[in-house]
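Beneath this line is the structure, given in structure tokens, with notes to follow.
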There are 2 protein chains.
Amino acid sequence: MAADSSPRDTKRVTITDVARHAGVSTAAVSKVMRNAYGVSPGMQERVRAAMAELEYRPHAAARGMRGRTYTIGVLLDNVRNAFFADVLDGIREELSDSEYTVLIGAAGFGADEQSRTIRAMVDRQMDGLVLIAPGTPRSEVLSMAATTPTVVIGHHDSSDVHDSVIDADDVGAGLVVDHLVELGHRDIALVSAPGSRSGRWQRPPEIALADGFLQAMDRHGLADRARVHHSAYSDDGGHAAGLALLSGAQRPTAILAGADVAALGIYRAAADLGLSIPGDISLVGYNNTAIASLAPVQLTSVDQAGHTMGLAAARMLIERVEGRRDRAMRTTMTPRLVVRRSTATPSLP
Amino acid sequence: MAADSSPRDTKRVTITDVARHAGVSTAAVSKVMRNAYGVSPGMQERVRAAMAELEYRPHAAARGMRGRTYTIGVLLDNVRNAFFADVLDGIREELSDSEYTVLIGAAGFGADEQSRTIRAMVDRQMDGLVLIAPGTPRSEVLSMAATTPTVVIGHHDSSDVHDSVIDADDVGAGLVVDHLVELGHRDIALVSAPGSRSGRWQRPPEIALADGFLQAMDRHGLADRARVHHSAYSDDGGHAAGLALLSGAQRPTAILAGADVAALGIYRAAADLGLSIPGDISLVGYNNTAIASLAPVQLTSVDQAGHTMGLAAARMLIERVEGRRDRAMRTTMTPRLVVRRSTATPSLP
DNA sequence: CCTCGAATGGAGAACGTTCTACACGACTCC
DNA sequence: GGAGTCGTGTAGAACGTTCTCCATTCGAGG
């Protein structure tokens with residue numbers, strides 16, 4: 001009955017069609033597309049006209065078999081962290097008027113799932129990868145990076161096989177501690193991601209942050225009052241951490257959360273316990289995402305310049321993809337403290 | 001000097017390697033992979049063993065030239081809308097133990113950019129597409145859907161070429177109006193997206209919402225007191241709308257915002273004008289995103305079950321991709337009102 | 001004129017899959 | 001014992017590009 005049972009059978013315009021229409025060879029068309037050497041202006045024009053007329057679009061899968069696919073893959077664990085959105089915007093901006101398309105793999109927090117996603121990207125012959133704080137074993141990232149140009153964002157471990165973009169998280173932690181101490185706080189807690197040095201990453205961002213926090217506390221002679229609580233960087237994770245810290249015996253007067261999302265969870269926990277912010281507790285986030293500046297929240301936070309990190313990552317990646325650089329490099333961003341209304345002088349006991 | 005100048009030259013394991021290693025033909029290996037008909041158990045085993053031993057991973061680009069790529073593309077305008085994250089989670093969950101990989105294209109709000117991203121996905125031979133409230137012209141979506149199985153989320157326009165998943169936005173608006181009227185409100189305003197019926201979509205979600213709102217007001221005999229204000233679904237958009245509505249002459253006592261993000265902007269505007277919520281103004285959001293339940297906010301909102309929408313969309317899409325269904329269908333979700341602390345009896349004048 | 005080199009265009013072999021068509025043997029059925 | 005059928009495996013042609021050679025033309029230099 002249905003003549004067109006499968007929707008797939010509408011034919012695509014191929015390079016052969018363009019070639020025939022322009023009266024040239026497919027090789028010539030290919031050259032024009034890649035603006036390779038050895039094409040006369042006349043041929044350029046004819047071929048371009050034919051492409052336009054037929055609405056030709058190159059078949060990316062076929063390209064993938066030989067050359068580039070003009071696809072950049074970005075791996076992130078979840079889409080809810082607004083910091084990643086900033087990074088993503090930076091990447092997109094840098095690539096917006098290039099031929100590259102950005103595709104995102106949101107792999108979840110599991111290392112296996114992330115590995116699977118990275119492999120999926122490599123198998124799809126993506127030209128380059130941006131991995132945002134990957135949870136996969138380091139060895140796996142290194143072996144993938146040996147094959148596909150890769151930029152790792154977040155992890156402080158450097159390598160000669162992939163490029164890196166990192167934030168000076170230790171400095172960031174220092175800024176926060178200085179600010180809080182200046183306000184008069186002594187009992188300061190850090191809520192950071194579990195941060196097992198798993199998969200043989202030596203310095204994931206949460207470890208760098210924790211180290212910086214402890215050093216700064218030490219610098220102020222408060223090493224023995226520093227506390228670190230581990231929890232996932234999510235709303236629920238922050239909530240649980242908040243409940244644990246704020247209902248415990250030695251209640252801190254200020255908390256630094258390693259991510260704004262987690263800070264909001266702590267905010268919620270404080271409310272649950274009838275504690276006001278910043279009246280009873282000072283709260284600081286990390287990443288300075290859009291939520292931090294939101295009206296009812298007004299969270300003091302550390303700005304990591306996610307947008308700029310994205311720009312840098314994309315630029316570095318394309319250099320590698322196009323073979324303009326063959327040595328690994330790293331870019332380090334300097335964090336900045338943005339003081340809002342969630343921090344204040346501690347209430348007297 | 002550097003012997004391995006290009007990182008690309010490490011050879012991949014191909015189907016041919018597997019075939020040779022197992023002492024069979026490539027065709028046989030291919031059959032085993034796709035568990036096609038006509039393979040003896042013995043062959044199965046030998047081939048699988050060889051694949052495992054060589055750590056074979058199929059080359060997706062090559063697959064794309066003939067059969068499936070086992071890739072599902074999801075288009076969304078921006079990654080910051082938490083509702084999309086819910087949908088995405090649903091899609092991922094449904095596909096988590098299938099062979100399909102989900103790749104996301106975050107295209108921004110521009111129609112052109114979205115079109116480009118959709119085309120990029122089709123060109124990469126993705127097996128199926130999920131488009132979340134696309135801003136591209138309807139005709140373009142239809143022509144792409146003729147070629148690649150597609151599920152459109154959000155737009156109420158139905159079509160016999162793509163499947164749809166929608167929320168009964170009119171019902172949702174009704175729930176809100178009923179709730180507010182019951183509390184004693186009469187002057188209720190809706191803030192919804194510009195909702196030009198652009199690109200020939202007849203019923204994008206914002207239009208459905210506005211229609212439902214007006215009908216519900218009419219049902220309560222309040223048609224002449226209903227007001228609709230248009231603004232972008234963003235924090236700033238909501239802020240502007242809030243200022244306009246709340247500082248104007250006929251101030252409404254309650255506002256329904258078409259998205260939680262916009263509701264937060266209105267929250268901010270109210271604060272700027274010294275109005276308290278819910279003391280002076282009742283405020284309702286839409287989508288019931290995580291921010292709505294946030295401690296300092298406690299926004300009454302309409303839950304759209306994004307997660308379930310994602311599940312449904314993925315399931316429908318795979319049915320189509322695998323050819324188990326050849327007729328378009330649509331799934332409609334029922335919204336649910338979640339009452340929190342941003343709505344109350346109106347203050348007496 | 002002849003030779004050489006540069007500039008331009010084309011032939012055709014990859015690339016790694018899928019899938020149609022067919023070969024072959026072993027059964028079953030009259 | 002011949003004809004059909006079934007089950008299992010393979011050969012080999014696509015698929016749409018890229019890219020390495022090679023052929024041709026044209027001009028300049030001798």
Side-chain angles (χ1 to χ4, degrees), chain A residues 6 8-48 50-51 54-71 99 122-125 127 147 322-323, chain B residues 6 8-47 50-51 54 56-71 99 122-125 127 147 322-323:
Chain A
S6 164
R8 287 284 186 186
D9 43 26
T10 35
K11 281 275 164 287
R12 268 191 85 95
V13 177
T14 74
I15 200 176
T16 317
D17 299 327
V18 175
R20 190 170 21 211
H21 194 261
V24 298
S25 72
T26 61
V29 178
S30 175
K31 280 187 183 178
V32 170
M33 277 197 293
R34 298 171 288 124
N35 38 52
Y37 174 82
V39 185
S40 67
M43 154 110 357
Q44 273 270 354
E45 200 174 337
R46 256 189 310 163
V47 170
R48 293 218 181 277
M51 292 202 297
L54 298 181
E55 297 190 329
Y56 168 72
R57 301 202 317 261
H59 188 294
R63 281 186 142 177
M65 297 223 37
R66 307 246 47 213
R68 306 238 183 94
T69 64
Y70 295 94
T71 310
E99 292 195 82
V122 173
D123 293 346
R124 278 159 188 73
Q125 298 292 108
D127 297 333
T147 264
E322 301 189 337
Chain B
S6 164
R8 286 283 184 186
D9 44 25
T10 35
K11 279 273 163 289
R12 268 189 88 95
V13 177
T14 74
I15 199 176
T16 316
D17 301 327
V18 175
R20 189 171 21 213
H21 195 261
V24 297
S25 71
T26 61
V29 177
S30 175
K31 277 188 180 180
V32 170
M33 276 197 291
R34 298 169 290 127
N35 36 53
Y37 175 81
V39 185
S40 66
M43 156 109 359
Q44 274 270 354
E45 199 172 337
R46 255 189 311 162
V47 170
M51 290 200 298
L54 300 181
Y56 168 72
R57 301 199 323 258
H59 189 295
R63 280 184 142 180
M65 297 222 40
R66 307 247 43 212
R68 306 240 181 90
T69 66
Y70 295 94
T71 310
E99 292 194 82
V122 172
D123 293 345
R124 277 157 188 76
Q125 297 293 104
D127 297 333
T147 263
E322 301 190 336

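By convention in this document, chain letters (A, B, ...) are assigned in the order of the sequence lines, proteins followed by strands, and residues within each chain are numbered from 1.
- Not one side-chain nitrogen or oxygen of A:Thr14 sits closer than 4.0 Å to the OP1 or OP2 atom of D:dG16.
- Taking the screw axis at each terminus of the helix from C:dC1-D:dG30 to C:dC30-D:dG1 from five consecutive base pairs, the angle between the two is 50° to within rounding of 10 degrees.
- B:Asp127 places its CG atom 12 Å from the P atom of C:dT18, with the value rounded to the nearest Å.
- A:Gln44 places its CD atom 15 Å from the C1' atom of C:dA7, with the value rounded to the nearest Å.
- Counting heavy atoms of neighbouring residues, nucleotides and ligands inside a 6.0 Å radius, atom CD of A:Glu45 does not exceed 12 of them.
- The nearest whole Å value for the distance from the CG atom in A:Asn35 to the C1' atom in D:dC19 is 15 Å.
- Scanning both residues, B:Tyr70 and B:Asp127, for their nearest heavy atoms gives N-OD2, 2.5 Å.
- Put simply, B:Tyr56 has a side-chain N or O that comes within less than 4.0 Å of OP1 or OP2 on C:dT17.
- The NZ atom of B:Lys31 sits 9.0 Å away from the OH atom of B:Tyr37 when rounded to the nearest 0.5 Å.
- Of the possible polar contacts, none joining the A:Thr26 side chain to the A:Ile15 backbone as a donor-acceptor pair under 3.5 Å is found.
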Could I get a table of every N or O pair under 3.5 Å where one atom is in the protein and the other is in nucleotides 22-28 of chain C?
none

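- Contacts of A:Ser40 with the nucleic acid, taken as non-hydrogen atoms under 4.0 Å apart, involve only primed sugar atoms and P, OP1 or OP2.
- Note: CD (A:Gln125) to P (C:dC15) measures 13 Å, nearest angstrom.
- Rounded to whole angstrom, the span from the CE atom of A:Met33 across to the P atom of D:dT17 amounts to 6 Å.
- For the pair B:Arg66 CZ and C:dC15 C1', the computed distance is 14 Å after rounding to whole Å.
- In this structure, B:Arg20 atom CZ and D:dA11 atom C1' are separated by 17 Å, rounded to whole Å.
- The heavy-atom pair separating A:Met43 from A:Ala28 by the smallest distance is SD-CB, 3.4 Å.
- Here CD of B:Gln125 is found 8.5 Å from CE of B:Met65. Values are rounded to the nearest 0.5 Å.
- A:Arg68 comes within 4.0 angstrom of nothing in the nucleic acid, heavy atoms only.
- Of all heavy-atom pairs spanning B:Gly64 and A:His59, the tightest one is O-CE1, 4.2 Å.
- A sub-4.0 Å separation between OP1 or OP2 of D:dC19 and a side-chain N or O of A:Arg34 is present.
- OP1 or OP2 of C:dT18 sits under 4.0 Å from a side-chain N or O of B:Arg63.
- Each of B:His59 and B:Lys31 lies near DNA chain C, and the nucleotide nearest B:His59 is the one positioned closer to the 5' end.
- Residue A:Ser30 is in base contact, counting any heavy-atom pair closer than 4.0 Å across all strands shown.
- Within 6.0 Å of CD in A:Glu322 there are more than 12 heavy atoms belonging to other residues, nucleotides or ligands.
- Between B:Ala62 and B:Ala27, the residue whose closest nucleotide on DNA chain D is further toward the 5' end is B:Ala27.
- Look at CD1 on B:Ile15: it is 15 Å from C1' on D:dA14, rounded to the nearest Å.
- A side-chain N or O of A:Thr71 and one of B:Arg124 form a donor-acceptor pair less than 3.5 Å apart.
- Across all non-hydrogen atoms, the minimal contact from B:Arg57 to B:Arg12 is O-NH2, 3.0 Å.
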